[in-house]
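Here the structure comes first, spelled out in structure tokens, and everything after it is commentary.
Keep in mind it's a predicted model, so treat the numbers as computed, not measured. Below, read A as the first sequence line, B as the second, and so on, with proteins coming before strands; counting in each chain starts at 1.
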There are 2 protein chains.
Amino acid sequence: MATIYEVSKLAGVSLATVSRVMNKTANVSQKTKLKVEKAMLDLGYKPNSVAISLASKRSDCVGILVTQLDGMFFGSMMNGIESELTKQRKHLVITAGHNVEHDERAGIDFLKSRNCDALIIHAEVLSDEYLIELSQGDTPIYILNRHIPEIAERCIHLDNQYGSYLATKHVIKAGHTEVLHISGPRYRKDAQERIIGFKQAMYEAGLPVNESHIFEGDYGHSGGAAAIDYFMQQRLSFTSIVCANDHLAVGAMARLRDFDKIPGEQIAIMGFDDMPFADCTYPKLTTIRYPIREMGKLAADYVLKDVYKVQQKIPPSSFEPTLVIRDSVLNLSK
Amino acid sequence: MATIYEVSKLAGVSLATVSRVMNKTANVSQKTKLKVEKAMLDLGYKPNSVAISLASKRSDCVGILVTQLDGMFFGSMMNGIESELTKQRKHLVITAGHNVEHDERAGIDFLKSRNCDALIIHAEVLSDEYLIELSQGDTPIYILNRHIPEIAERCIHLDNQYGSYLATKHVIKAGHTEVLHISGPRYRKDAQERIIGFKQAMYEAGLPVNESHIFEGDYGHSGGAAAIDYFMQQRLSFTSIVCANDHLAVGAMARLRDFDKIPGEQIAIMGFDDMPFADCTYPKLTTIRYPIREMGKLAADYVLKDVYKVQQKIPPSSFEPTLVIRDSVLNLSK
DNA sequence: TTGTAGGCGTTATCAT
DNA sequence: ATGATAACGCCTACAA
């Protein structure tokens, strides 16, 4: 790999001049500029971004912390971020936290040690205190899918509780009184919030909520299936299930059929997130739209504006969960 | 951020010694070692990996090029890679190529300029020649989902054509004679191969293949829906569709229902990839298993073994597409 | 407009 | 066992 030094030698100029034509940081005469550019081409010169980063203390990289690299949710989130950043030739470095405090911490440490210019964080288990402290460091951070009052201006989130409330209310409005909940892992904030929203709507309607009516799944298909197994084994009587995400809903629908219960007809199923496949299931999934891709984009736009000073048209953003009615929640009164 | 120099000052040793205790690269007396460790703790010292990378010419990072960050396929692939690498405290830097030559090139350039120790590449549009040349550079590369004879030892792939052949044959065996194909974008190698496999099985069975029986989709749900719209508009008579991936299949199944054609009963649907949701659709999707996660893991294992000299038990790997029979292809003869 | 030289935070090679 | 002191490849005042 050719270095800037070799380019300067070949072009017969100092290496400072080479640096200048690369960065357009000062005026360079047309003649020398051409000489330098030719030399770069001849040598196939590619700047070493590690050296640039060390010398300039910026990296043109923004670090992302997600829980895992697979799954539609994080896929959409990363895609949203990437699509915005790429436009401005910024790169992303991604680490996975795996729902484990150590990994989340290590991930953030790594991103910071790589001189990331900013961090976009989806942390599951890190404490609010830690994040607050982190926000006071020299690397700007933006927090996705979480609300921390002390640093609200850094948080892009959506009211999970209200979303779940909406979902449950829709089911109740459709005439259901025996409604169960399949939640996500309880140590996850969003899962907790969705449980609360569920309970809130139930209480409001004067419907009983028993802890045994809530199954703790894993946010994956298998969690939905396990929930059905559990509910059936408990011989619970129910006509509807509010699921904490679409994956759980899909898993539940499939397992329900194994028990000859037809989702959408005998059992109403409510999803959450409105993942891309939600309108391709059968029955099509009624769910709560969670615009994670747009939220990712917004986070990226903030970074672009705050850190890279690229003028961004940032829309007046307030993300609200909204009900998307499709076919999986039948109206009992009809 | 504290530097190694400050640590050395606080500990009263030279910075070389500090480097030694960090890297256990030479013997250090117990006493000074403790002094240094205390100093590091007191200062909350975190090594700057950019500086390490510049000085040592390694980064403990492996670069990944994928087409996009969302979608189950790439999710599984990244997850497989990450799960192996994380075990050995190696990180990954991910770039997206977007099916565009410029982006793929730029992605690779970026990864190399970041001093990545190795590259795992899923390139769509880069030429074989380019990749062959790249493989001769100083950064080891591993190529996923593609076969280039000249550098076969760097390629981890699977026989797409044979997989598609298997799929089509299964449908034919089930008694179908009017079978259509929904393909992926034709500029993609795997899509081309799957088309060939489809045609091969059809020819072998003496069944007619008309180019109008093949619809070029986008590998997403919408492509599947668009295909059905097209087929219906053409007033084609058909009882089965071989889809180039599961997303297309799911999209097609949903759209089929809009036309009151019941997938799995009136129309046989064959998928490809066996994505995690394939056993949660209704009807459950008969498909070809494409073990992309395992292939990602293998690529990571190669890197670990070849580049990082970490002993890996690498199984005698040859990935074969296999038929996964579920419920979406009905047997006409029964 | 162009060149010189110090610095970014480590590693690594010599000495001692 | 420990300490100087060059690299590493680039940026950036400061000079010229």
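- Note on B:Asn48: every side-chain N or O is 4.0 Å or more away from OP1 and OP2 of C:dC8.
- The number of heavy-atom neighbours closer than 6.0 Å to CD of B:Glu133, taken from other residues, nucleotides and ligands shown, is 12 or below.
- One interatomic measurement links the two molecules: CG of A:Leu54 to P of C:dG7, which rounds to 14 Å at whole-angstrom precision.
- Counting non-hydrogen atoms under 4.0 angstrom, B:Val13 reaches the backbone sugars and phosphates but no base.
- Using a 4.0 Å heavy-atom criterion, one finds that B:Ile52 contacts the sugar-phosphate atoms exclusively.
- Look at CD1 on A:Ile4: it is 12 Å from P on C:dG3, rounded to the nearest Å.
- Place A:Asn27 and A:Leu15 on DNA chain C by their nearest nucleotides, and A:Asn27 ends up nearer the 5' end.
- The separation between A:Asp60 atom CG and D:dC10 atom C1' is 14 Å, rounded to whole Å.
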Going through the checks in order, is the side chain to side chain contact (heavy atoms under 4.5 Å, CB included) test met by A:Val125 and A:Val100? CA-CA 7 Å; A:Val125 289; A:Val100 178; 5.6 Å; no
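- When the side-chain nitrogen and oxygen atoms of A:Ser14 are compared with OP1 and OP2 of C:dT2, none of them lie within a distance under 4.0 Å.
- Between B:Ala51 and B:Ala16, the residue anchored nearer the 5' end of DNA chain D, judged by the nucleotide with its closest heavy atom, is B:Ala16.
- Distance, A:Tyr45 OH to D:dG9 C1': 7 Å, rounded to whole Å.
- In this structure, NZ of A:Lys46 is placed 13 Å from P of D:dC10, rounded to the nearest angstrom.
- Ionic pairing of B:Arg105 and B:Asp109 is not present here: no N-O contact between side-chain nitrogen and carboxylate oxygen is shorter than 4.0 angstrom.
- Salt bridge absent: A:Asp301 and A:Lys313 never bring a charged side-chain N and a carboxylate O closer than 4.0 Å.
- Of the candidate nucleotides C:dT2, D:dT2, C:dC8, C:dT2 has the atom lying nearest to any side-chain atom of A:Thr17.
- Along DNA chain C, the nucleotide nearest A:Lys31 and the nucleotide nearest B:Ala2 are compared for position; the residue whose nucleotide lies closer to the 5' end is A:Lys31.
- When rounded to the nearest whole Å, the span between CG of A:Leu43 and P of D:dC10 equals 12 Å.
- Considering only side-chain N and O atoms, B:Ser19 lies under 4.0 angstrom from the phosphate OP1 or OP2 of C:dT11.
- Atom CG of A:Leu131 sits about 4.5 Å away from atom CD1 of A:Ile143, to the nearest 0.5 Å.
- If you take OH of B:Tyr5 and P of C:dT11, they are 17 Å apart, rounded to a whole angstrom.
- Checking the phosphate oxygens (OP1, OP2) of C:dT2, a side-chain nitrogen or oxygen of A:Thr32 falls inside 4.0 Å.
- Considering only side-chain N and O atoms, A:Ser29 lies nowhere under 4.0 angstrom from the phosphate OP1 or OP2 of C:dT1.
- Note: CE (A:Met40) to C1' (D:dC10) measures 14 Å, nearest angstrom.
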Could you go through the side-chain hydrogen bond (donor to acceptor under 3.5 Å, both in side chains) check for B:Tyr290 and B:Asp190 one step at a time? CA-CA 12 Å; B:Tyr290 191 126; B:Asp190 48 12; over 6 Å; no
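- Along DNA chain D, the nucleotide nearest to B:Arg20 and the one nearest to B:Ala55 differ in position, and the one closer to the 5' end is contacted by B:Arg20.
- Contact between the side-chain N/O atoms of A:Lys57 and the OP1/OP2 oxygens of C:dG9 is found at a separation under 4.0 Å.
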